[in-house]
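Note sheet for the following structure.
In what follows, chains are A, B, ... by sequence order, proteins preceding strands, each numbered from 1. All figures in this text were calculated on a predicted structure; none of them were measured in a lab.
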2 protein chains.
Amino acid sequence: MVTIKQVAVHAGVSFKTVSRVVNNDPTVKDINREKVLKAIKELGYRPNRAASLTRRKNSNIYAIIADELLSVPYTFDIIRGAQEIAWQKNKELLILNVNETQASIDRAIESLLEYRVEGVIYSAMYHRQVVVADELKKIPTILANCFPALNNFPCVVPDEQQAGEDITDALICKGYRRIAFLNLNEHIIAAKGRKQGVINSFKKHGLPLDDLLIESVIIGQADGSEISTSRESAARVIDEFKPDAIICGQDPMALEIYFVVHDKGMIVGKDIGIASFDDWGSIPQLLQPNLTTMALPHHAMGRWAMEYLIDQRTDIVHHSLPFKLIARDSF
Amino acid sequence: MVTIKQVAVHAGVSFKTVSRVVNNDPTVKDINREKVLKAIKELGYRPNRAASLTRRKNSNIYAIIADELLSVPYTFDIIRGAQEIAWQKNKELLILNVNETQASIDRAIESLLEYRVEGVIYSAMYHRQVVVADELKKIPTILANCFPALNNFPCVVPDEQQAGEDITDALICKGYRRIAFLNLNEHIIAAKGRKQGVINSFKKHGLPLDDLLIESVIIGQADGSEISTSRESAARVIDEFKPDAIICGQDPMALEIYFVVHDKGMIVGKDIGIASFDDWGSIPQLLQPNLTTMALPHHAMGRWAMEYLIDQRTDIVHHSLPFKLIARDSF
DNA sequence: CTGTTAGCGCATTCAA
DNA sequence: TTGAATGCGCTAACAG
């Protein structure tokens, strides 16, 4: 490996001048800068990050711990958002994928500490509560798409209730008055919040709750897995409740419902409204007709979390999105 | 930050002994090891990776450049596979997500070089040809799920033709004799290879090609986007060609076809076979009945690529999966 | 604007 | 089995 000294000799300057050029120090005469840059190119010099990190006070490295997050396409947006800000601010972003095992998380945290990472985003696959290792208290840390069991870390999470209210508002504004909400299983945080939001919207508009039907369509199985009954439920709800709009809590569900509605199209008419929480990027395109979506763009969470870390501010601007930041005096 | 020297003072040994303990050098007396470990724990010492890397000859860091790969769930398996091997062999794996822009790739490569990464996996979102920067010639590099335009890097890619042959073999073994293959657009590499494989299987078994219908169901739009006509095609094919089995080139397509078959179930009977290339992990569960899948487990590609890098061998064991390794004398 | 000196935290070498 | 000296490649602090 070619070092800064070899470049210096080649360029006929001191190695400190080379260092200055590499670090964009403006106090170098143009002629010397040229010589150095030429030498760097000719020798194929690359700064050694490890050596530089030993002397620099800040590592400039941030990390995102992705709790098997990458396996779900829409939550990958959290990483993309974080990366966007990191690059913008000239920081390195370490992506650490961990699975649910404590061993892999511990190993990730160990790496973080050894690399002297300056800030950490801990993110989860779906909106839920997590237990965060105390070890992370040593580094500025913020959670994204999850919140801490012990209430001891700041976090940015979807405002499910607001999203539920917004999407229902939108349907009501379009003139729909009898709405079925096919919700996720209510033990899921997202489902709980959205349900409350939907109800709030109905109340706010002075509509009778008799015209609102809320049903869970995810059923837990004996073996711990879950199945969706959205197809059957939608068919039954359309027949029996006769809604003029349906809200879907889940897009794959929405996809299925699309077909149900399509089949039933001859019966209930084509003007049934479908509203969907737009977690999955591409699917709504399939559902163009009559579709209202409530975007929960996860990249905003990633961006937000990263800004919070880098700028160490709690007064982040409002994103006018259904997210909320729960800040704490943790760093 | 607490350093190795502070630990040494605290433990009453020289800092070199601490270094030995940290690096699992067996030539340390147990009693001293205990003292050191105790001191490390008490002071919360963490080795400084940067400092250690300046002296060590090998960085132990590998990297995977993910070409917007993370946005597709099944290709994330490539990363998971690579990580599995890396962890197993006690290597760090840097995940570098890049988008299609040259700037982001260049930046990633710059990082690689500065971190003195020992090996690189360059992976793409879908099986295709890529142009790899010459810069990567300086580091052992292997491509995964893509192949180099200039034929100058080793790569591991799905053996689409073998997969096509295997899946057709499987259907024929089950007794199906009249098969429709709803393929991806034929300009896609995967589609081309699979088609050939399907035909080969038919010929191999001495079946008449009249009983084989192959159709592209992905149509390019004027605006560059693509739409799937699988639903309509499947409906028509079922009516007109009357296959006793359908091979789907794509799982989302398979999902849609499931409904088609389901709708038509009353007409053509439940014994229509469905075979699918299993790129997407979860969807096949929805398709249990009559489903044959040909797994293209991307994690195997990740594992394979990583083994190739770490062990620097070209004689990787055969994985009995439809993948092929194209090795070159590049490192 | 440039160069010299010092030293980051650690591993290597070699002597004890 | 341990420790002292040395230096990795670089940046900080200062002097010129």
Self-check item: Members of residues 15-26 of chain A that approach DNA chain C, where some heavy atom sits under 4.0 Å away
Solution: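 Here the set is A:F15, A:K16, A:T17, A:R20.
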One thing to verify: whether [Y] and [X] come together as a salt bridge, which I'm taking to mean a side-chain N less than 4.0 angstrom from a carboxylate O.
| X | Y | result |
| --- | --- | --- |
| A:K38 | A:E34 | no |
| A:E135 | B:R46 | yes |
| A:E307 | A:K89 | no |
| A:R80 | A:E84 | no |
| B:K91 | B:E118 | no |

Quiz item: Quick one: ring-ring contact (aromatic ring centres under 6.0 Å, His included) partners of A:H127, sequence neighbours excluded?
Solution: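 ring-ring contact (aromatic ring centres under 6.0 Å, His included) list for A:H127, sorted by chain: A:F147.
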Could you check how far [atom1] of [X] sits from [atom2] of [N], rounded to whole Å?
| X | N | atom1 | atom2 | value |
| --- | --- | --- | --- | --- |
| A:Y45 | D:dC10 | OH | C1' | 7 Å |
| A:N48 | D:dG7 | CG | P | 18 Å |
| B:R116 | C:dC10 | CZ | C1' | 17 Å |
| A:R49 | D:dC8 | CZ | P | 21 Å |
| A:R46 | D:dC10 | CZ | P | 13 Å |
| A:R56 | D:dA13 | CZ | P | 13 Å |
| A:K29 | C:dG3 | NZ | C1' | 13 Å |
| A:N58 | C:dC8 | CG | P | 18 Å |

Practice problem: Establish whether the base of C:dG7 is bridged to the side chain of A:R55 by a donor-acceptor pair shorter than 3.5 Å. | Solution: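 Such a pair is found, so the answer is yes.
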Practice problem: Tell whether A:T54 reaches the base of C:dC8 with its side chain through a donor-acceptor pair below 3.5 angstrom. | Solution: yes
Options [options], nucleotide nearest the side-chain atoms of [X]:
| X | options | value |
| --- | --- | --- |
| A:S52 | C:dA11, D:dC10, D:dT2 | D:dC10 |
| A:K57 | D:dT11, C:dC10, D:dA12 | D:dA12 |
| B:S14 | D:dT11, D:dA4, C:dG9 | D:dA4 |

Quiz item: 5'-most contact on DNA chain D: B:V13 or A:V2, nearest heavy atom basis?
Solution: B:V13
Quiz item: Considering only heavy atoms from C-beta outward, does the side chain of B:R116 approach that of A:N48 to under 4.5 Å?
Solution: yes
Exercise. For A:T3, report the nucleic acid contact type (base, sugar-phosphate, nothing); a contact means any heavy atom under 4.0 Å.
Key: sugar-phosphate
